[in-house]
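What follows is a set of notes on a single structure, which appears directly below.
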Amino acid sequence: MSVSAVIPGSFDPVTMGHLDIIGRAATRFDAVVVAVLTNPGKDPLFSVDERVDLVARATAHLPNVSIDTFEGLLVHFCHARDIRVICKGLRAVSDFEYELQMAQMNQRMGDVETLFLTTSPEYSYLSSSLIKEIARFGGPLEGVVPDLVRDALHARFGPPPDR
Ligand code: PNS
């Protein structure tokens with residue numbers, strides 16, 4: 001039996017934390033679909049096409065990972081592709097309450113189970129929001145996003161000043 005999982009998110013932009021989860025999931029599932037939310041509530045920095053392109057290039061070395069987009073309910077996306085597993089990273093206790101709520105609701109609405117991977121400790125403090133703030137004010141991005149995302153952030157905000 002082949003088992004696929006969906007890894008959903010805004011990916012605005014994809015971080016090393018996301019890539020850690022995607023890479024590890026790719027070793028445990030036959031296929032992983034990264035599902036990029038097209039209409040996140042917050043005004044995204046990158047368009048959906050840009051976010052998809054960054055994820056696609058950052059995961060190009062993983063043959064069983066594909067990228068797709070979705071809007072509306074995640075369980076509808078899962079059903080349309082006959083996928084019954086959502087895989088997510090858990091960074092800290094602060095993630096837990098909201099993730100638990102969504103996992104239980106998705107299980108109830110769609111018989112879709114959420115399996116959590118604990119984020120690798122070196123990435124447990126990363127978030128796309130923090131990274132955008134650091135990029136906006138010219139802070140260092142080495143090691144927290146792949147080089148291609150760093151370049152995209154520099155193109156958006158301008159290169160960091162010489163210090
Ligand atoms: O990267 P994010 O923004 O933290 O990801 C959140 C995401 C996209 C996983 C979550 O908002 C989501 O699943 N949205 C789709 C809408 C939906 O299904 N809502 C009901 C959840 S129970």
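As the structure lists them, so they are numbered: ligands from 1, and atoms in each ligand from 1.
Among the atoms of Tyr98, none of the N or O lies under 3.5 angstrom from an N or O of ligand 1.
Residue Gly9 has at least one heavy-atom neighbour below 4.0 Å for each of these atoms of ligand 1: 1 (O), 5 (O), 8 (C). Each of the atoms 1 (O), 2 (P), 3 (O), 5 (O) of ligand 1 lies under 4.0 Å from some heavy atom of Ser10. Close contacts of ligand 1 with Leu37, meaning ligand atoms under 4.0 Å from a residue heavy atom, involve 8 (C). Of all atoms in ligand 1, listed by their number and element, those nearer than 4.0 Å to a heavy atom of Met105 are 22 (S).
The local environment of CD in Glu133 is sparse, with at most 12 non-hydrogen atoms from other residues, nucleotides or ligands closer than 6.0 Å.
The shortest heavy-atom contact between Met16 and Gly143 is CG-O, 3.3 Å. Nearest heavy-atom pair across Phe29 and Asn64 is O-ND2, 3.2 Å. Counting all heavy atoms, side chain and backbone alike, Leu126 lies closest to Gly17 at CD1-N, 3.8 Å.
Residue contacts with ligand 1 include Gly72, since one or more of its heavy atoms lies under 4.0 Å from the ligand. Using a 4.0 angstrom heavy-atom cutoff, Lys88 counts as in contact with ligand 1.
For the side chain to side chain contact (heavy atoms under 4.5 Å, CB included) test, residues two or more places apart in sequence or in another chain that qualify with Arg91 are Asp95, Thr119, Ser127.
The hydrophobic cluster containing Tyr98, built from Ile/Leu/Val/Met/Phe/Trp/Tyr side-chain heavy atoms closer than 4.5 Å, also comprises Met102.
In Leu74, the parts holding a heavy atom less than 4.0 Å from any atom of ligand 1 are both the side chain and the backbone.
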